[in-house]
K.L.:
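Can you keep this structure in mind? I'll have questions shortly.
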Amino acid sequence: MRKSKVRILLSLLLLAVLLLSACGNSEGQATQYKIYLITKSTSTEFWRSVFAGANAAKAEYNVNLIIRGPDTEENYTGQNMYIQEAIRNHADAIIFSAISYTENAAAIDEAADAGIKVIVIDSDVNSSKVSARIGTDNIQAGRITAAAALDTEEAHLSVGIVNFALVSRNGQEREIGLREQLEKDERVEQIYTVNSLTDHDAARESAISLLQEHPEINVLIGLNEPLGVGVAEASEELDLKGRVRVVSFDSNIRCIELLRSGDVSALIVQNPYAMGYLGVETAWKVLEGQSFRPDQLIDTATSIITQENMFTVEGQKALFSFG
Amino acid sequence: MKKNGIRMSTLLICSILAIVLIVLAAAVLLFSQTYQQQLIQTARTNSLRTVTQVSSTVNDYLAEIKTVMRMLGREMTDSEEERAEFFDVFLRIRPDVVAVSTYASDGSLSHCYSDLGPPTGIEADGINLSLDTDRLRSESMGYVSAPHVVTFFQDKYPWVITVVQRMKDESAERWIALDISCSNIATYISDSGIGRRGYCFLMDTNGNIVYHPQQQLIYSDLKTEDTAFISSLEDGSYVEGNVIYTVRTLSNGQWRLVGVSYLQEFLTESLRQLGSILLLLAGLVLLATLIVSAVLSASISRPLRELEHSMEQFEEDADHFSYDPPQQGVREVRRLSASFQDLVLKLQQLMKTVRKEEINLRKTELRALQAQINPHFLYNTLDSISWMCEQGKNAEAVEMVNALARLFRISISRGHELIPIRSELMHAESYLEIQAYRYKNQFTWSIDADENCLDYLCHKITLQPIIENAIYHGINGLVDDGEIRVSVREDGEDILFTVRDNGSGMTDEQIAAIMQKEHSDRAGIGIKNVNDRLTIYFGPAYGIQIESEPDQGTSVFIRMPKVKEEADYEKK
């Protein structure tokens, strides 16, 4: 009898404490998440647009966003150092675009093991511990690139591809999609690929030597923004307008001018703003307990912009960032 | 202890809790009912106020632009040099103006003034987004464009809204277009939040978004506004689900400012605040209830329960119960306890008195009985003696008279209640002697006593009623020789008298009848008296036990404690 009474008293007390603590909780604000955004680079317009999107989401979701990127798009060790930094600083999540599919994997696994949620944007990494993947469907982007390249009356086509580092997953996927479509077209006689550093000067030199080595090339493709600028500049420098069809990636202002002038025939424009925004948004959602299927890419739209549609309403929206 | 029924403290706690919870729930309900409407009203008022403020700012800006356009119209009548000088200053003091361009009546660009340099871009491909010639055909006095990029320049594509106006006839050009930077409009609208998540955006009457604080999100298809629905609304404030739309048409008649805010955040915010206050209250009340219940328990229910427990103990064993009333508890309970204590004491007193009186009564009764002499016995004995004398059996007569005298002397024993067992045995012997004469030696008898027992005391006339019963009911009428054996033995701490006969025996009913009978058949002490005396004086463990089998005989056992002195016994 006495015992049961003590039990009742205790349970009531517990209830009271719970209620009080519930009050305390409901008044306290959720803690601000610390999210690292580690990109391949910080200098191109593509990445600046990613940052703009990420910052928009940062304001909306009230997170502490720390942006890091190495000096060159080949420096995966730099990226790994930033991952270590994120681990040291007890980040809640890392939004990551891998330079190397394989070489960044160990660091990402380590971060995931340290309890950090990993969101991949733009370029994938060989890790099974990624919470969500966001970005361009790169094989599809490759196919679209092929469609833009093949949109010509020419009967005989020789294609030169300037791609970036072999280790980068997104570049390889783009080339796979691209070659798959090119090889289906019987007009295509030759496909040459050259791998260049992700820098427009280097890409220009690579493109020029490729063009000089294979003068029959009449389609030239650059598979990301700096390479796109490089091949466009090579075409301009060799004055190949009208003879070589140039297809570039992303909406660098140089490419836009060269598209306007006709040196570039088409731009494959991704949606970096969306990648940045969705990256932060998805990281926040994952941290709030929502789960995503990492094997299903959250696809940000990709579009072909040509001289004809560049100043349409949709073209403007895709090409020119707002403010 | 019975478990049914609710404990008082439980009842109290439950009722207090129930009342508090009902009051709290009612308060919450009442609050949410009353304040929801008020909150919606407040939210609408907020939204309306913000939208009105922003729209008046934008209206002011539009009015300013109108003035600027008039001024520019006048300026266009000046010479080229004067114009260049004017725009040099104008563009510097108006950073919101990206470019001013004029057009001939066929829509071809006449002049373009801008800080961003010469219009080399448009010269390259002729594309000009700042003048929509198709639109001019229907709106010949001018229009305000949707957002677009400026195509005049190379490497620079700022987003602008273009105000196009038809010029006065005297000027050289037909149209003037003013490109206003969208980021400038942003300064009027972006910071005008409503609530935490609410915002304003600008759209035209057709539902095209002119400026949105999250324009890039909309352009990236990450956010949409239901402009078709909003453009169907008249000016005013509307609650749609948990979104409040406040629409206001601006003074130019072409733009509408839309305030979007979320009801939920107002409501949840307030309700959460209320909720935490109520929860806090509930917690405090719970705590208070606990304290009250502890106090109640200590002052009422625990003393009551203790009292109840004491009463049960009293019921079980009233003799050895002692009650100590508790010192805590409310006055009523303490009084009750004190009354109970009185009751206990009085009852115990009463019980003691009753018992003493009963014992005294029985003692008196027994004394009276002991004093009685069975007249038949005396008469018969004297008759026998007289007959002996007549027959000349003087020696026998003397013996008989001696036995009778002994019998009476021991019966009287100078008024002593207790006599040594030795005397009691002599008394039994005398009685048996007399009876043996009278029954003409129809039975034999023997007395077998343990020497150790002889000095202990026993009630006088303990054996005689038993022997009398054995003779009258056992031996009398027996054809064969009867036999009566009396023995006294120690049995542990007790003394056991046994009277055996080989008479006709008794049935169980007869035994019961003998044990109930107040008096012996004739007079004097009966078996029941002997038994009662033993039980009253020595307790229920002592007394008479009868074993009998018909036609076999009867054994009567008398058990009593060892009593050394009369004083010992009187004490009891």
Side-chain angles (χ1 to χ4, degrees), chain A residues 1-2 4-5 8-10 12-28 49 52-53 55-57 59-60 62 251-254 256-257 259-262 270-278 281 300-301 307 310-323, chain B residues 1 3 7 9-10 13 17 121 124-125 127-129 146-151 154-159 181-183 186 190 196-197 208 211-223 272-273 275-290 293-294 297 301-302 305:
Chain A
M1 187 138 182
R2 180 134 298 209
S4 73
K5 188 181 165 174
I8 288 169
L9 272 173
L10 274 179
L12 281 176
L13 205 70
L14 194 75
L15 187 67
V17 167
L18 275 178
L19 281 173
L20 286 174
S21 64
C23 297
N25 271 350
S26 62
E27 274 164 20
S49 194
N55 280 319
E60 195 168 332
N62 186 29
S251 52
N252 186 283
I253 193 70
R254 280 289 289 143
I256 292 170
E257 287 304 327
L259 179 69
R260 213 176 165 187
S261 68
Q270 305 182 72
N271 197 344
Y273 187 89
M275 286 184 208
Y277 182 87
L278 288 176
E281 184 185 64
T300 51
Q307 226 175 12
M310 70 181 290
F311 287 121
T312 61
V313 175
E314 293 311 314
Q316 289 179 63
K317 287 177 185 177
L319 277 182
F320 306 105
S321 71
F322 193 93
Chain B
M1 191 175 282
K3 278 273 181 186
R7 287 233 309 272
S9 52
T10 317
I13 294 172
L17 267 181
D125 59 5
I127 291 172
N128 180 16
L129 296 183
H148 62 87
V149 293
V150 175
T151 50
Q154 277 188 317
D155 299 341
K156 294 186 189 81
Y157 296 88
W159 284 85
S181 153
C182 278
S183 52
S190 284
R196 197 161 33 160
R197 282 169 58 219
N208 300 315
Y211 177 77
H212 193 289
Q214 292 175 309
Q215 195 113 331
Q216 187 66 46
L217 284 180
I218 288 171
Y219 282 180
S220 301
D221 288 330
L222 297 173
K223 187 182 170 70
R272 191 186 300 143
Q273 270 177 9
S276 24
I277 291 167
L278 286 181
L279 276 175
L280 198 77
L281 261 170
L284 286 177
V285 166
L286 254 173
L287 249 145
T289 313
L290 284 179
S293 78
S297 163
S301 41
R302 199 180 320 137
R305 238 176 298 133

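The chains referred to below are lettered A, B, ... by the order of the sequence lines, with proteins before strands, and numbering in each begins at 1. What you see is a predicted model, and the numbers here were worked out from it, not measured in a lab.
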K.L.:
Does the pair A:Glu257/A:Arg254 count as a salt bridge with the N-to-O cut at 4.0 Å?
P.N.:
no
K.L.:
Heavy atoms, side chains only, cut-off 4.5 Å: are B:Lys156 and B:Val150 in contact?
P.N.:
no
K.L.:
At a 4.5 Å cut-off on heavy atoms, which part of A:Glu281 comes close to chain B: side chain, backbone, both, or neither?
P.N.:
neither
K.L.:
If you take the centroid of each ring, where Trp contributes its six-membered ring, are B:Tyr219 and B:Trp159 closer together than 6.0 Å?
P.N.:
yes
K.L.:
For the candidates B:Thr151, B:Ile218, B:Ile127, which exhibits the highest count of non-hydrogen atom pairs separated by less than 4.5 Å from chain A?
P.N.:
B:Thr151
K.L.:
Where does B:Leu222 contact chain A at under 4.5 Å (heavy atoms): side chain, backbone, both or neither?
P.N.:
side chain
K.L.:
Between atom CG of A:Leu259 and atom CG of A:Leu319, what is the distance when rounded to the nearest 0.5 Å?
P.N.:
7.0 Å
